[in-house]
Amino acid sequence: MMSYNIDDIKRAFEIYYKILDKGYLSRKDELQDFRDFKEDNINSIIEGFCEKSQLLTIIKSEYIYIVPLTGNNKLAYTNEELRKKMSLSNNTELYTAYIIMMCIIIKFYNGEEYNTKCRDVLNITELEKFITDKIKSLRELDEEDSMEINFKECGEFWLGIEPYNEKIVNHKRSNKTRFAFIIRTLYFLKDEGYVGINDDKEFYTTHKFDNIVLSYYPERERKKKILELIKGEKDAQD
Amino acid sequence: MRNFLSGFNSRIKNLAPYIFLSNKFLNVSKYPKYDMMSLGFSLMLFILDNMLIGRNECSIEDMSLFLKLLIEKNYNEYLNDEEAKELTYYLKDLLNNNGEMYKYDYINTYNGKKESVDVKLIEQVSYEIKGKVQYKLTSQGLDIIFKTREIYAEYKITVEQLYLQQQIKNGVYDEALETINQLNASVRDLREQIGELYLKIRRNALGVDIEELKSISKKTEEQFIRETKIFDEIRTLLKNQKNTYENIEYENLSNNDRKAIRNINNIERQLEIIIDEHTRLLNDKMGIFNEYINVLESSMGFGIQEAIDFEKDVFDEIYTKNLSLDIANNVLKPFLFNSNKYKLFNIMNTFTQQTFRNESEEEKNIIDYEKDIEVQEKLQRETLLKKREKITRFMTVFLESVLNGKENLRMMIGDFPEDIKEKISYDFDFITILIKIHQQKKINITSILKFEDKYVNDSPKDINLEYYITQSANMNRKIRDIEQFSLISTGEDIVFDNGNSIENFRIRRRLNDEL
């Protein structure tokens with residue numbers, strides 16, 4: 001049985017709070033915190049905090065991250081909060097943002113080995129084309145109609161708006177084109193520290209995005225849970 | 001022009017063989033089942049092999065036999081002699097550009113001139129009448145083969161170091177300064193390579209081959225020891241050269257000697273920077289293996305990793321099964337961490353100094369912006385309608401004057417309604433119409449009206465004559481009787497009260513059956 005003193009608990013909370021606030025801990029910039037995090041006593045307290053908050057610690061050689069687990073609505077954006085944060089007017093637009101995020105993951109980490117990053121940057125127009133082609137090919141594959149307003153309606157919405165409009169000067173403030181939707185989603189991800197954007201033309205993923213994708217999704221148990229979640233909803237609908 | 005472009009032509013000369021190979025081989029349509037680039041390059045290696053071991057250079061038959069074996073081994077296919085020979089000739093022709101020198105034209109950005117480089121990778125050895133034709137690699141061919149050896153990259157720094165050493169020994173300090181810049185670039189390149197290896201390990205340690213890593217570590221250690229030794233030698237050499245000059249009385253030094261001392265000091269300074277960087281890299285390189293172990297340990301503590309096909313297993317499933325928004329939210333949960341969620345309002349803040357930001361205004365603009373565009377578009381439409389109305393009226397009045405047989409513009413203006421009479425002195429659209437009609441030499445109204453529903457004028461900036469003539473002819477159908485007319489230059493001006501002037505064009509009307 002491990003015993004903890006109050007100083008360990010205070011220090012653990014300090015580090016835990018720091019990561020929550022900053023989003024990550026860097027070995028280079030916060031060496032002492034980084035080392036203390038790995039101390040057995042402190043580490044087990046932080047892991048305890050995380051367990052109770054439905055959070056997961058991701059420890060890499062240079063960085064430590066804390067991310068919300070599936071089902072965590074306390075410390076993660078809910079749909080409604082995200083709509084407000086991104087100034088999206090309805091659920092269809094929010095679906096669109098989710099599609100864009102998923103397609104970013106596909107384009108950056110969908111190499112021959114699915115656990116590796118396969119590119120450094122991505123042109124925004126290339127991403128738009130990929131999403132459009134993807135939606136078109138999936139539409140041909142499955143023609144079933146559904147009464148619910150779900151992903152498919154979002155696909156139709158996507159195909160219904162024009163790819164680009166040169167009259168729009170600030171795409172961050174528009175919701176009329178596919179390009180503008182991508183830009184708005186990218187700026188949200190940028191604010192959260194996941195991507196960098198070059199001149200609204202291309203973007204790259206940061207260490208935070210890379211490490212989370214490559215550590216979170218391929219872990220066997222989590223992968224199983226995600227696939228069950230998808231399958232479960234499908235069964236429930238059936 | 002900046003100095004770094006000075007050797008542009010020699011760099012393009014080095015690049016040209018690669019351009020030639022990719023141009024030739026990547027567009028090959030014959031033999032689609034074979035990797036022609038690999039076969040062609042293997043053939044070059046075969047030719048080199050024959051040159052190295054002192055045998056006679058190889059003939060078409062030798063190459064043909066080699067390719068036959070190569071196809072059998074790699075594609076499990078048997079080629080008869082005829083087929084093998086055909087393939088050999090095909091590849092040989094690609095490699096020597098059907099015997100013609102390949103010319104690569106480019107712009108030399110250093111001097112702005114058009115220049116060209118010749119490329120020839122293999123050539124015939126002899127041209128005797130009865131002799132058997134044999135082939136060998138040209139010096140360009142040999143060069144490209146050597147550059148592709150791994151050892152070339154490994155010894156790049158060493159070669160540059162030796163080169164620098166020789167230049168210092170021979171007192172060619174100007175050139176030594178260029179070499180040291182090159183050496184600096186090579187050390188930076190090495191830093192990039194090490195950085196990439198670290199990144200690869202950190203991203204996916206399991207994807208790194210441990211044996212390969214061991215071999216890299218061992219090889220680079222040897223490389224570093226060798227390079228460090230030569231750096232020390234260069235340092236000593238420079239010191240000795242400097243001493244030689246320092247032993248001479250300053251007054252006795254020639255201008256060249258003084259320049260040499262300046263150069264030596266420069267070289268010394270830069271060399272120290274490079275050596276520092278090199279030493280730092282040595283430590284980084286030594287740490288690669290440890291990093292690998294660390295990352296592996298972290299991965300182990302993180303559970304068993306499996307490949308996940310995010311596209312097929314996740315995205316396609318969610319999309320085709322039309323799953324709910326919550327599922328998508330949950331899948332993307334690790335990216336949706338909200339650190340601002342439980343921020344509390346501190347009432348004491350009301351007593352602190354307040355700063356005002358325009359943020360709310362900006363946020364409001366997100367919504368207002370689309371409205372702005374709509375308003376702008378509406379305004380544009382209204383402007384266009386007004387302009388159309390104005391020009392159609394002017395065109396109608398003008399054409400009615402033509403129809404009424406007015407002889408020149410002055411007479412026309414005299415008959416114009418007052419508002420148009422006034423506007424013609426300053427309205428740029430009216431003046432533009434008259435100039436456009438004059439430039440067209442002849443306006444054939446009958447021809448224009450054949451396509452009357454085809455003309456559009458959607459931009460407020462443009463004036464489409466055919467569109468407005470059609471509109472006028474619809475307002476007053478008698479205008480169609482004009483058939484043809486033109487505005488003829490007279491050299492005489494009409495001067496308006498406001499000082500503006502326009503040429504008093506003569507109106508010439510013709511019927512279609514007139515020549």
Side-chain angles (χ1 to χ4, degrees), chain A residues 20-21 23 59-62 67-72 75-77 79 81-82 87 91 94-95 98 101-102 105-106 109-110 113-117 138 141-142 146 148 150-152 155 167-168 170 173-176 192 194 210 212 214-221 223 226-227 229-230 233-234, chain B residues 198-207 291 294-295 297-299 301-342 362-363 365-370 372-373 376-377:
Chain A
L20 289 192
D21 193 43
I59 306 160
K60 307 300 288 184
S61 59
E62 294 295 300
V67 299
L69 282 163
T70 300
N72 183 342
L75 285 166
Y77 285 103
N79 291 327
E81 286 163 347
L82 202 56
S87 304
N91 273 348
L94 181 61
Y95 278 116
Y98 285 153
M101 287 181 205
M102 284 193 233
I105 297 177
I106 294 168
Y109 310 94
N110 209 3
E113 294 171 55
Y114 289 110
N115 293 0
T116 56
K117 187 174 181 178
L138 290 175
L141 203 75
D142 193 334
S146 171
E148 283 187 72
N150 283 344
F151 258 74
K152 276 186 199 165
K167 282 182 195 162
I168 297 172
N170 191 342
R173 296 180 184 174
S174 170
N175 59 358
K176 289 278 188 288
E192 301 292 318
Y194 294 121
D210 293 344
I212 291 175
L214 297 176
S215 305
Y216 186 90
Y217 295 109
E219 197 273 326
R220 184 190 280 176
E221 285 306 309
K223 178 186 164 188
I226 290 170
L227 298 183
L229 185 78
I230 294 168
E233 166 114 349
K234 184 190 142 198
Chain B
Y198 267 97
L199 199 65
K200 194 175 170 190
I201 291 170
R202 283 169 191 164
R203 275 182 184 156
N204 181 22
L206 295 172
E291 180 70 12
N294 280 342
V295 174
E297 275 174 7
S298 316
S299 312
F302 208 68
I304 300 163
Q305 304 264 305
E306 276 183 357
I308 180 165
D309 187 341
F310 202 87
E311 185 171 5
K312 286 196 179 63
D313 296 342
V314 180
F315 184 85
D316 289 1
E317 281 292 309
I318 293 178
Y319 191 89
T320 50
K321 306 303 172 210
N322 212 12
L323 302 183
S324 73
L325 190 62
D326 287 335
I327 298 288
N329 178 286
N330 268 314
V331 167
L332 291 168
K333 210 55 132 184
F335 301 104
L336 302 178
F337 183 77
N338 186 355
S339 57
N340 289 324
K341 203 148 176 166
Y342 294 105
E362 194 172 299
E363 279 170 0
N365 282 343
I366 294 176
I367 301 139
D368 288 350
Y369 191 75
E370 296 305 329
D372 282 354
I373 289 180
Q376 273 178 24
E377 284 178 347

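Only this structure's heavy atoms are used, side chains among them; waters, hydrogens and symmetry mates stay out.
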Checklist entry - Any side-chain heavy atom of Tyr98(A) sitting closer than 4.5 Å to one from Ile327(B)? => result no
Item to check | Interface moiety of Leu82(A) toward chain B, non-hydrogen atoms closer than 4.5 Å | outcome: side chain
Checklist entry - After noting the C-alpha distance and the side-chain angles of Phe337(B) and Leu20(A), does the key distance pass the side-chain contact (heavy atoms from CB on, under 4.5 Å) rule? => result CA-CA 9 Å; Phe337(B) 183 77; Leu20(A) 289 192; 3.4 Å; yes
Item to check | Heavy-atom contact with chain B under 4.5 Å, split by part of Leu227(A) | outcome: side chain
Next on the checklist: Could you go through Phe335(B) and Ile105(A), starting from their C-alpha distance and side-chain angles, then the distance that decides it, and tell me whether this counts as side-chain contact (heavy atoms from CB on, under 4.5 Å)?
Outcome noted: CA-CA 11 Å; Phe335(B) 301 104; Ile105(A) 297 177; 3.8 Å; yes
Checklist entry - Taking it one step at a time, do Phe310(B) and Tyr109(A) satisfy ring-ring contact (aromatic ring centres under 6.0 Å, His included)? => result CA-CA 8 Å; Phe310(B) 202 87; Tyr109(A) 310 94; 8.9 Å; no
Next on the checklist: For the backbone of Ala76(A) and the side chain of Lys333(B), can you confirm whether one donor and one acceptor N or O come within less than 3.5 Å of each other?
Outcome noted: no
Item to check | Contact origin within Ile226(A) toward chain B - heavy atom pairs under 4.5 Å | outcome: side chain
Checklist entry - Looking at Asn330(B), Asp313(B), Asp326(B), which one has more heavy-atom pairs under 4.5 Å with chain A than the rest? => result Asn330(B)
Checklist entry - Does any heavy atom of chain B fall under 4.5 Å from the side chain of Tyr217(A), the backbone, both, or neither of them? => result both
